[in-house]
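These numbers were taken from a predicted model, which means no experiment stands behind them. The sequence lines fix the lettering, A, B, ..., with proteins before strands; numbering per chain opens at 1.
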Amino acid sequence: MSHELPKAYDPSAIEQRWAEYWVREKLFHVETPATPDHDHTFTLLLPPPNVTGRLHMGHMLNQTEMDIIVRWHRMRGFHTLWLPGTDHAGIATQMMVERQLAKDGKKRTDLGREKFIERVWEWKEEYGGAILEQMKRLGASVDWERTFFTMDANLSRSVREAFVRLWEEGLIYRGAYIVNWCPRCVTAISDLETIHEETPGKLWEIRYPVIGMEGEFITVATTRPETMLGDTAVAVNPRDKRYEHLHGKKVRLPLMNREIPVILDELAQPEFGTGAVKVTPAHDPNDFQAGLRHGLEQIRVMDEHAMMNENAGLYAGHDRYEARERIVHDLQEQGFLVGTKDYTVPLGKCDRCKTIVEPRLSTQWFVAVNKEPKSGGPSMAQIARDVVEQGYVKFTPENYKTIYLNWMENIHDWCISRQLWWGHRIPAWHCAECREIVVSRDEPKQCTKCGSSHLEQDTDVLDTWFSSGLLPASPFGWPEATADARAFYPTTLLITGFDILFFWVARMIMMNAFFMWRDHSDPSCLKSAVPFENVYIHGLVRDADRQKMSKTKGNVLDPIEVINQYGTDATRFTLASMASPGTDIAFNEQRVEGYRAFANKIWNAARFMFMNVDKLAEMGVTVDAPKVCHPERSEGSLSSASGLSSFTAATLEDRWILSRFNRVAQEVDESLKAYRFDEAANRVYSFFWGEFCDWYVELIKPRMFELESDAGKQTAKTACQNTVVMFEAALRLLSPMMPFITEEIWHAIYDGKPPVESIALAPYPQPDPAQMNADAETEMAILQDLIVATRNIRAELKVEPKVKVPVEIHASTPQVREMIEHNRGALERLANVESVAFVDAAPQQSANVRSTTRFDVRVVYEQKIDKAAEGERLKKEVEKLEKERSNAERQLGNQNFLAKAPAHVVEGLKKRSGELEVLLEKAKAALGQLGC
RNA sequence: AGGCGCGUAGCUCAGUUGGUUAGAGCGCUACCUUGACACGGUAGAGGUCAGCGGUUCGAGUCCGCUCGUGCCUACCA
């Protein structure tokens, strides 16, 4: 093989190419298996981004985590499907197109519903794929062939099916209730889409004169005085003695001059304020309920834009806040305003446009989540609780289980209708003759009640989350029991952010579990009804100062720009290395720089490897590329081998790196099983850089460079072969986290003729206990200590870097001595040592000596040293050792400790105590030698 | 108003069921262009684990309180 990697690592030169290759070759496409095999299938649904979306850091974190898990499973031989799609995003998309129309001075009503929807589809075709294109640059290994859209024909069919079934079960109802209304979006929104913010406001106290009782008033308080125009009663608590004399009376509503009754209702709480409350059934949810209890008239005083309407008397035509000012002014003028207080109100705002929500009486469609279906069985919320309580859906981190159950416990009916045009139109038709509502999967020809053919479809569309709540069953063809559904449902895992836990995760569990459970032939089987078996919830990506990224703050980082600057691999690795469960990520560009350096390190290690392979090739010595088998994907069985069968463990460093690799492979597997992306990333990082590059490569260099004799060439061949084999395996280990650079180097190792089309299809290294070697690790640790100690003395003595020095070594045992003798070359090379001499007695302590329990090493070098600094260093060490020793002595002298602590802890401490004696003695001797 | 979480080196964070010497990256200091890499190498400085009290042979880890800080949920005028 002959390889020419460019001198500098340049991610932009390779990443685009591989991203396109993976898509073009359909490498991550999976067929539907003929026979389902859930134990060896891994399915994951991409939380579908909005068609209006642009990729942000949150997406990138989410997708990096998913891609790592997906690639890891795929390489371990699972039949792996990562299903992508986009969401039609009702309000957001409609707003986008409306804005486009506004540029031509047009409104959607100018076009009419049909033409407008056509425009939205055109928009979607043109711009809707942008975010998916961006995803490709991240290397997301999704099955592009299966990309869905929530308004595709088959998904729309699922939506209609779900709606009709819920209607038939009596779980969908329509009626006039108070809903959260956004006057800017001109639609109802759900409770969840209303965000509450404590906002400073005012509390106005107004007195209503009691009719027939001159000089008598009832004082009420309100934060929204404009609603008083719609008051139809004043409520007092029946137990409230203060108002007993007013029972059955009427009051005159100021400004409107309307007579309204004093009613007795628990709505009014004696402890709060004056104990009397104005009742506005058309503009407040509590008042609405009270209104129903007392048969009060509902007077709407605002229109859908929150402008005061014809019922608002003098104030008609004014905006709600303008009207408020005028009303307060007029009340003051007319002597009805008793007081004004500062007051903090929890204001509801529209999640999308931040407009203050107006509670509004309007006719909407609702899902009764707590109600039992007509044909029997538990409610939707009940099933949603059951599947989680019984562990069929597992949350990581676990505390989200409690949060979820808590929310599910207090869940209210869900308003699912929206007064928009873009979305799934409600499959209900109103009879023009008899007002009957006909709910149907297909457009009905005639009214089921009176037979009239004058039917008009309801104009509302469904909440976007109604359709996404049917994922992942819908793209698999629900309600049909398709082969896809059998093979891939329930999905294995869902990875998402906590911000959509209630919006989406909870609704998916609720809707899927409800329908699948009822579909199931064996209804006791909740296990197979769930939409996914595991949920992993990750944190938020914040800026470097832990601030939430937001457009208004201007601290939003565009992942594509970060990628352009540092490369996708480095950016992915950064996110992975910081993704510790349960915590947010403070995204720091310096960190990305560090991981770009890591990629560069790998790149250069590869160049070193290829340089030597090529040098040998020129001498006629061939180094073979390692053989890698294709994971047996149809079987789904895990490849048990580390892929290191052609590694020759000839020397200590060989045995050591082989052992370390297997141990690291094990740790990475364990980390990923627990979604510890940070641990997995850090393990691979420190292995590749801190062990493979810093030690192994340095240690084998002598073997690589001695090419004079035939024997030398053979030694070099083995060393080189080992490097290639180890490198190749390490690439596979790293590949899920850094798919691009690993793919590039991997193909280079195989000289463009790899055993499979992609490293992503090669087997993931699995730990092999037979290749682990505790002795080699211990010996290597001693050798490393020896080298570091020697370097340490050199630095302390300020030996010129280029000067080689002789050392004397006293080994604690013959075995240690033998090991050092075997590896004296390493010591000479890595610590710049001229010669090694072994001595029988431990050398006298001095600044030239370092001691451990295994060896003493003395550098033979005469140089005036900084006595003060050396003394300082030794004093510190003695202090530290003494403190530790006294701790140990105290513990070991404690009968309770000896009796209660586990044996290995006691043993360990005894051993350490012995070591401390030796080390302390030596350190003290050194200090004495120094004359301190 | 309820609920949850966090506070460990200058910065960003690890620290698994309490167990011997609290770690990493970046930054910092000194030295080094050694035949892959200055996006590099070698050595080093830096922590009373927010504070107080308790449980325990033993606490960064468990419990209580205090201070600081962040988030979620909620129809009280």
Side-chain angles (χ1 to χ4, degrees), chain A residues 5 7-9 178 191 196 203 220-224 235 267-269 272-274 276-280 284-289 343 345-346 348 359 399 402-403 406-407 410 412 498-499 501-502 540 544 546 548 566 570 577-578 580 582-588 590-591 593-612 674 676 678-679 682 685-686 693-694 697-698 701 705 788 791-792 794-796 798 801-802 829-832 873 880-881 883-884 887-888 890-891 894-902 904-913 916:
Chain A
L5 288 185
K7 281 184 191 71
Y9 160 68
I178 301 281
D191 292 349
H196 291 92
L203 187 69
V220 298
T222 181
T223 55
R224 295 185 293 149
L267 173 71
Q269 289 170 25
F272 192 94
T274 61
V277 57
K278 63 193 267 312
V279 184
T280 323
D284 182 278
N286 290 317
D287 296 6
F288 173 78
Q289 292 300 334
Y343 196 73
V345 269
N399 61 320
T402 319
I403 296 173
N406 229 314
W407 186 78
N410 300 314
H412 293 102
F498 67 83
D499 49 328
L501 179 64
F502 303 132
L540 218 62
R546 313 213 103 259
K548 229 180 207 174
Y566 303 100
S577 72
M578 300 185 83
S580 179
T583 56
D584 289 348
I585 288 178
F587 191 85
N588 193 330
Q590 286 188 323
R591 196 84 186 238
E593 254 175 70
Y595 290 121
R596 183 187 56 186
F598 176 49
N600 186 59
K601 185 78 181 178
I602 294 166
W603 188 261
N604 279 290
R607 287 182 56 224
F608 171 79
M609 168 180 74
F610 289 135
M611 192 185 83
N612 287 289
R676 292 302 306 257
D678 57 333
E679 278 184 358
N682 289 332
Y685 178 93
S686 59
C693 290
D694 287 352
V697 169
E698 291 306 322
K701 274 180 178 174
F705 295 154
V788 168
R791 284 170 175 167
N792 197 311
R794 290 180 55 107
E796 202 72 39
K798 297 198 167 55
K802 281 176 191 159
R829 190 185 157 78
L830 297 186
N832 222 6
R873 184 186 71 77
K880 197 178 144 197
L881 288 170
K883 194 176 161 198
E884 201 192 330
N887 259 335
R890 187 164 40 79
Q891 289 252 70
N894 184 328
Q895 287 309 313
N896 269 323
F897 170 73
L898 297 177
K900 292 183 183 174
H904 74 274
V905 172
V906 177
E907 278 311 303
L909 193 60
K910 276 183 182 163
K911 193 177 153 206
R912 178 64 188 167
S913 175
L916 284 170

Would a 4.5 Å heavy-atom cut-off, applied to side chains only, mark [X] and [Y] as touching?
{"X": "A/V220", "Y": "A/V277", "value": "no"}
{"X": "A/R791", "Y": "A/L830", "value": "yes"}
{"X": "A/R224", "Y": "A/T280", "value": "no"}

Between B/rC57, B/rC72, B/rC4, which nucleotide gets closest to the side-chain atoms of A/F502?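 My answer, after comparing the listed nucleotides, is B/rC72.
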Among the candidates B/rA14, B/rC75, B/rU21, find the nucleotide nearest to the side-chain atoms of A/S580.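 Out of B/rA14, B/rC75, B/rU21, the nucleotide with an atom closest to A/S580's side chain is B/rA14.
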Quickly work out the [X] [atom1] to [N] [atom2] distance and round it to whole Å.
{"X": "A/H196", "N": "B/rG3", "atom1": "NE2", "atom2": "C1'", "value": "16 Å"}
{"X": "A/Y595", "N": "B/rU12", "atom1": "OH", "atom2": "P", "value": "16 Å"}
{"X": "A/L916", "N": "B/rU21", "atom1": "CG", "atom2": "P", "value": "8 Å"}
{"X": "A/N406", "N": "B/rU73", "atom1": "CG", "atom2": "C1'", "value": "9 Å"}
{"X": "A/K911", "N": "B/rG19", "atom1": "NZ", "atom2": "C1'", "value": "16 Å"}
{"X": "A/N410", "N": "B/rG3", "atom1": "CG", "atom2": "P", "value": "12 Å"}
{"X": "A/E796", "N": "B/rA43", "atom1": "CD", "atom2": "P", "value": "13 Å"}
{"X": "A/F498", "N": "B/rC72", "atom1": "CZ", "atom2": "P", "value": "6 Å"}

Counting primed atoms, P, OP1 and OP2 as sugar-phosphate and everything else as base, the B/S/- map of nucleotides 32-41 of chain B against protein heavy atoms under 4.0 Å is SS-BBB-BSS
Taking only Watson-Crick and G-U wobble pairs with both distances under 3.5 Å, what dot-bracket line describes RNA chain B, where [ ] shows pairs that cross earlier ones and | shows pairs with another strand? (((((((..((((.....[...)))).(((((.......))))).....(((((..]....))))))))))))....
Considering all heavy atoms of both residues, which atom of [X] and which atom of [Y] are nearest to each other, and what is their separation?
{"X": "A/P285", "Y": "A/P359", "answer": "CD-CB, 4.1 Å"}
{"X": "A/E593", "Y": "A/Y566", "answer": "CG-CE2, 3.4 Å"}
{"X": "A/M578", "Y": "A/A586", "answer": "CE-O, 3.2 Å"}

Suppose we call a contact any N or O donor and acceptor under 3.5 Å apart; does that hold for the side chain of A/R912 and the base of B/rU21?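 Answer yes: a donor N or O sits under 3.5 Å from an acceptor.
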Donor-acceptor contact below 3.5 Å, side chain [X] vs main chain [Y]:
{"X": "A/N832", "Y": "A/P801", "answer": "yes"}
{"X": "A/N604", "Y": "A/N600", "answer": "yes"}
{"X": "A/N682", "Y": "A/D678", "answer": "yes"}

Looking at every strand, decide which applies to [X] at a 4.0 Å heavy-atom threshold: base, sugar-phosphate, or nothing.
{"X": "A/L267", "answer": "base"}
{"X": "A/N894", "answer": "sugar-phosphate"}
{"X": "A/V279", "answer": "nothing"}
{"X": "A/T274", "answer": "nothing"}
{"X": "A/P902", "answer": "base"}
{"X": "A/Q590", "answer": "sugar-phosphate"}
{"X": "A/R890", "answer": "nothing"}
{"X": "A/Y343", "answer": "sugar-phosphate"}

Say we look at [N] and [M]: how far apart would their [atom1] atoms be, to the nearest angstrom?
{"N": "B/rU20", "M": "B/rU55", "atom1": "P", "value": "23 Å"}
{"N": "B/rG40", "M": "B/rU33", "atom1": "C1'", "value": "10 Å"}
{"N": "B/rC31", "M": "B/rG25", "atom1": "C1'", "value": "22 Å"}
{"N": "B/rU29", "M": "B/rG10", "atom1": "P", "value": "16 Å"}

Decide side-chain hydrogen bond (donor to acceptor under 3.5 Å, both in side chains) for A/Y595 and A/S577; before the verdict, give the C-alpha distance in whole Å, the side-chain angles of both, and the deciding distance to 0.1 Å. CA-CA 10 Å; A/Y595 290 121; A/S577 72; 3.3 Å; yes
Can you tell me if [X] touches the phosphate of [N], counting only side-chain N or O atoms and a distance under 4.0 Å to OP1 or OP2?
{"X": "A/N792", "N": "B/rG44", "answer": "yes"}
{"X": "A/R676", "N": "B/rG15", "answer": "yes"}
{"X": "A/T583", "N": "B/rA14", "answer": "yes"}

A/K880 or A/S577, whichever maps to the more 5' nucleotide of RNA chain B: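 Here A/S577 is the residue nearer the 5' end.
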How do A/M578 and A/E884 order along RNA chain B: which one's closest nucleotide is nearer the 5' end?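 Of the two residues, A/M578 wins.
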Examine A/K601 relative to A/Y685 and say whether NZ or CZ is less than 6.0 Å from the centre of the six-membered ring and inside a 45° cone about the ring axis.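 No - A/K601 does not lie over the ring of A/Y685 by the 6.0 Å and 45° rule.
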